[in-house]
Amino acid sequence: MSSNTRVRFAPSPTGYLHIGGARTALFNWLHAKHTGGVLVLRIEDTDRSRNTAEAAQAIYDGLRWLGLDWDEGPEAGGDLGPYFQSERETIYQSYLDRLRAADRVYDDNGSVRFRFTREKVVFDDVICGHIEFDMTSAETNPDMTIRRPDGSWIFHFVNVVDDIEMKISDVIRGEDHLSNTPKHVQLYRALGVPPPRFAHIPLILNRDGSKMSKRDQGASLNTYIEGGYLPEAVRNYLCLLGWSPKDNREKLDLAEVVQLFDLAKVHRKNAAFDLDKCTWLNGEYVRELSDDRFQEMGRQALTKAGIDLGKFLPDYVRAALETCKGKFRIFSELPAYGGFYFKDDFEFNADGVAKHFVPANKPLLLAVREAFAALDTFDAASLEAALKATASGRAIKVGALVHPTRLAVTGSNAGPSLYHLLEVLGKEKVLARLDRALSRFG
RNA sequence: GACCCUAUCGUCCAGUGGCCUAGGACACCGCCCUUUCACGGCGGCGACACGGGUUCGAAUCCCGUUAGGGUCGCCA
């Protein structure tokens, strides 16, 4: 399927990719893919104080992490560049000349202003529908500045010029630009170019409904990258914010979303970012991760938490990680869940101590130690049999032994399957840890 | 303040005049499964912002109010 659809994602290099920007990029990407069109990436760095190179890199990294590639732009090439506004000076100059020739600009204290036509501006937004703005009053809509006295350009002007030059057919952007659109439409008309289609997507709000700004928790994509989230899960969650496959499904693969995505069906309502749901969805994906990728991400998460895996045999690490699969939702939870495999001097959970390290349990734990010590083969099946035999020999429930034992060897009340975890730990470590716990009883 | 957008469970989404005593998901609570946790299963809690219309009939259409968000820069 070929088409003339050309969309663009045009972020300002702020040093990180905002979660709202990420979704705008995602929707642009989806629309391009759905229509067989092209996605252009353009860096809007007209503000000279911004450190473009590094800040732009953060944007590429974020987009690539999400799996969003662009057809034209930095590091991708294209015939309609350059794709940094800071490198398009002569183009802007020529467009300014056109406006000047048409007598649509004038100087004001050294800056250049664009003279609006005093009229009603109407346009049809793909998402928001028919929009009317009354621009007849210079009081409420004063002529806008398009170039500063120092020669630098203002967003509205360069944005429109670039969209014209890059032959953008559909401008898909955040709803915060809806009120700016009539100004842009006026610019198109003054330049004698038909405006593109506009589609303003709703904004992402904080969980409490307030506006999500730079400093808010979760505003930066980095939060998810560093927090041990999977890109496919975050991408899936973002798809569901303001758009729906309509059949109550939550987990959708990318190819299917591309097929179903319909820009016109995107909501008009702002949505709150629900980290809990995003985390749940992540857990769904983690559970289905291939063993290799799970192992790789697991090692990364543990290393990041300060654990030196080099001190352990690869087989030990692999087996340890294996017992944790499917038990947690985001990788940042892994160190707390399975860190005991790599630390002998861990603290014992206080609630657990109060509940299980009571005097009456000391003989029980001793009996378990004795049973385990007598084992020749230290595998899950033998351990389970030994523990159950110990329990029935004393006419107590298995749980009465399981809980103190788990606490003794892991320091926690929750964790991987006890018998498997004991097997991975090995006889030596298990007996040592049991002794260490026993010493706590005084 | 002016203008623009929006308004279904706490959150995300389904619902486009009768199928709605409003459905699903996350979260929360209970039960079951179970060596813990998680998963899974079952059940519960929980919403059409308010007021007027239109219509035989309104969550769905219209108007108003209220609330939230956005824009009004020589930021993007």
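Chain naming here is simple, since letters A, B, ... match the order of the sequence lines and numbering starts at 1 in each.
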Q: Check the pair A:Arg318, A:Glu322 against salt bridge (Lys or Arg N to Asp or Glu O under 4.0 Å), reporting the backbone distance first and the verdict last.
A: CA-CA 6 Å; A:Arg318 171 164 284 277; A:Glu322 193 56 44; 5.2 Å; no

Of the listed nucleotides ([options]), which one gets closest to any side-chain atom of [X]?
{"X": "A:Pro142", "options": "B:C13, B:G73, B:C4", "result": "B:G73"}
{"X": "A:Arg287", "options": "B:A38, B:A2, B:C37", "result": "B:A38"}
{"X": "A:Glu175", "options": "B:G24, B:A27, B:G70", "result": "B:G70"}
{"X": "A:Thr145", "options": "B:U35, B:G70, B:C74", "result": "B:C74"}
{"X": "A:Ala414", "options": "B:C37, B:U35, B:C12", "result": "B:C37"}
{"X": "A:Tyr337", "options": "B:A25, B:C37, B:A76", "result": "B:C37"}
{"X": "A:Ser179", "options": "B:C74, B:A38, B:C4", "result": "B:C4"}
{"X": "A:Glu250", "options": "B:A2, B:G24, B:G70", "result": "B:G24"}
{"X": "A:Asn270", "options": "B:G69, B:U35, B:G70", "result": "B:G69"}
{"X": "A:Asp274", "options": "B:U16, B:U36, B:C26", "result": "B:C26"}

[X] near the nucleic acid: base, sugar-phosphate alone, or nothing, with a heavy-atom cut-off under 4.0 Å?
{"X": "A:His267", "value": "sugar-phosphate"}
{"X": "A:Phe328", "value": "nothing"}
{"X": "A:Ile131", "value": "sugar-phosphate"}
{"X": "A:Gly283", "value": "nothing"}
{"X": "A:Lys325", "value": "nothing"}
{"X": "A:Phe133", "value": "sugar-phosphate"}
{"X": "A:Glu132", "value": "sugar-phosphate"}
{"X": "A:Ser417", "value": "base"}
{"X": "A:Lys269", "value": "sugar-phosphate"}
{"X": "A:Pro416", "value": "base"}
{"X": "A:Leu418", "value": "base"}
{"X": "A:Gly209", "value": "sugar-phosphate"}
{"X": "A:Asn180", "value": "base"}
{"X": "A:Arg268", "value": "sugar-phosphate"}

(Q) OP1 or OP2 of B:A76 versus the side-chain N and O atoms of A:Arg42: is any pair under 4.0 Å? (A)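 No, outside the criterion.
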
Q: Please check the phosphate of B:A76 (OP1 and OP2 only) for any side-chain N or O of A:Thr14 closer than 4.0 Å.
A: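 For B:A76, OP1/OP2 do not have a side-chain N/O of A:Thr14 under 4.0 Å.
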
Identity of whatever pairs with [N] - Watson-Crick or G-U, under 3.5 angstrom:
{"N": "B:C3", "value": "B:G70"}
{"N": "B:G40", "value": "B:C32"}
{"N": "B:G18", "value": "B:C56"}
{"N": "B:G23", "value": "B:C13"}
{"N": "B:A49", "value": "B:U65"}

Distance in angstrom units between [X] [atom1] and [N] [atom2], rounded:
{"X": "A:Leu178", "N": "B:C4", "atom1": "CG", "atom2": "P", "answer": "10 Å"}
{"X": "A:Leu401", "N": "B:U34", "atom1": "CG", "atom2": "P", "answer": "19 Å"}
{"X": "A:His177", "N": "B:U71", "atom1": "NE2", "atom2": "P", "answer": "9 Å"}
{"X": "A:Tyr419", "N": "B:U36", "atom1": "OH", "atom2": "P", "answer": "9 Å"}
{"X": "A:Ile204", "N": "B:C13", "atom1": "CD1", "atom2": "P", "answer": "10 Å"}
{"X": "A:Phe157", "N": "B:G73", "atom1": "CZ", "atom2": "C1'", "answer": "17 Å"}
{"X": "A:Glu44", "N": "B:C75", "atom1": "CD", "atom2": "C1'", "answer": "12 Å"}
{"X": "A:Met212", "N": "B:G70", "atom1": "CE", "atom2": "P", "answer": "13 Å"}

[atom1] spacing across the pair [N] / [M], given as an integer number of angstrom:
{"N": "B:G44", "M": "B:G23", "atom1": "P", "answer": "11 Å"}
{"N": "B:U71", "M": "B:G10", "atom1": "C1'", "answer": "29 Å"}
{"N": "B:G52", "M": "B:A58", "atom1": "P", "answer": "13 Å"}
{"N": "B:A47", "M": "B:C42", "atom1": "C1'", "answer": "24 Å"}
{"N": "B:C62", "M": "B:U55", "atom1": "C1'", "answer": "12 Å"}
{"N": "B:A22", "M": "B:G15", "atom1": "C1'", "answer": "8 Å"}
{"N": "B:A67", "M": "B:C61", "atom1": "P", "answer": "23 Å"}
{"N": "B:U65", "M": "B:G24", "atom1": "P", "answer": "37 Å"}

Between [Y] and [X], is the closest basic N to carboxylate O distance under 4.0 Å?
{"X": "A:Arg113", "Y": "A:Asp108", "answer": "yes"}
{"X": "A:Glu72", "Y": "A:Arg6", "answer": "yes"}
{"X": "A:Glu232", "Y": "A:Arg293", "answer": "yes"}
{"X": "A:Arg249", "Y": "A:Glu256", "answer": "yes"}
{"X": "A:Asp163", "Y": "A:Arg42", "answer": "yes"}

(Q) On RNA chain B, does the nearest nucleotide to A:Asp108 precede the nearest nucleotide to A:Glu284 from the 5' side, or the other way round? Give the residue. (A)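 That would be A:Glu284.
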
(Q) Here's a test of your reading of the structure: between A:Lys246 and A:His156, which maps to the more 5' nucleotide of RNA chain B? (A)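 It is A:Lys246 whose nearest nucleotide is closer to the 5' end.
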
Q. Where do A:Glu44 and A:Arg88 land on the salt bridge (Lys or Arg N to Asp or Glu O under 4.0 Å) test, with the steps shown first?
A. CA-CA 11 Å; A:Glu44 306 220 328; A:Arg88 301 173 61 78; over 6 Å; no

Q. About how many Å separate CZ of A:Arg197 and CG of A:Asp170, when rounded to the nearest 0.5 Å?
A.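 If I round to the nearest 0.5 Å, the distance is 4.0 Å.
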
Q | Check: B:U36 base within 3.5 Å donor-acceptor of A:Lys327 side chain | A |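 Indeed there is one.
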
**Q.** Expected output: side-chain A:Lys325 to main-chain A:Arg287 donor-acceptor under 3.5 Å
**A.**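 No, A:Lys325 side chain to A:Arg287 backbone: no donor-acceptor pair under 3.5 Å.
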
Q | A:His156: which of A:His177, A:Gln186, A:His184 passes side chain to side chain donor-acceptor pair (under 3.5 Å) | A |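 Of all the options given, the one that passes is A:His184.
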
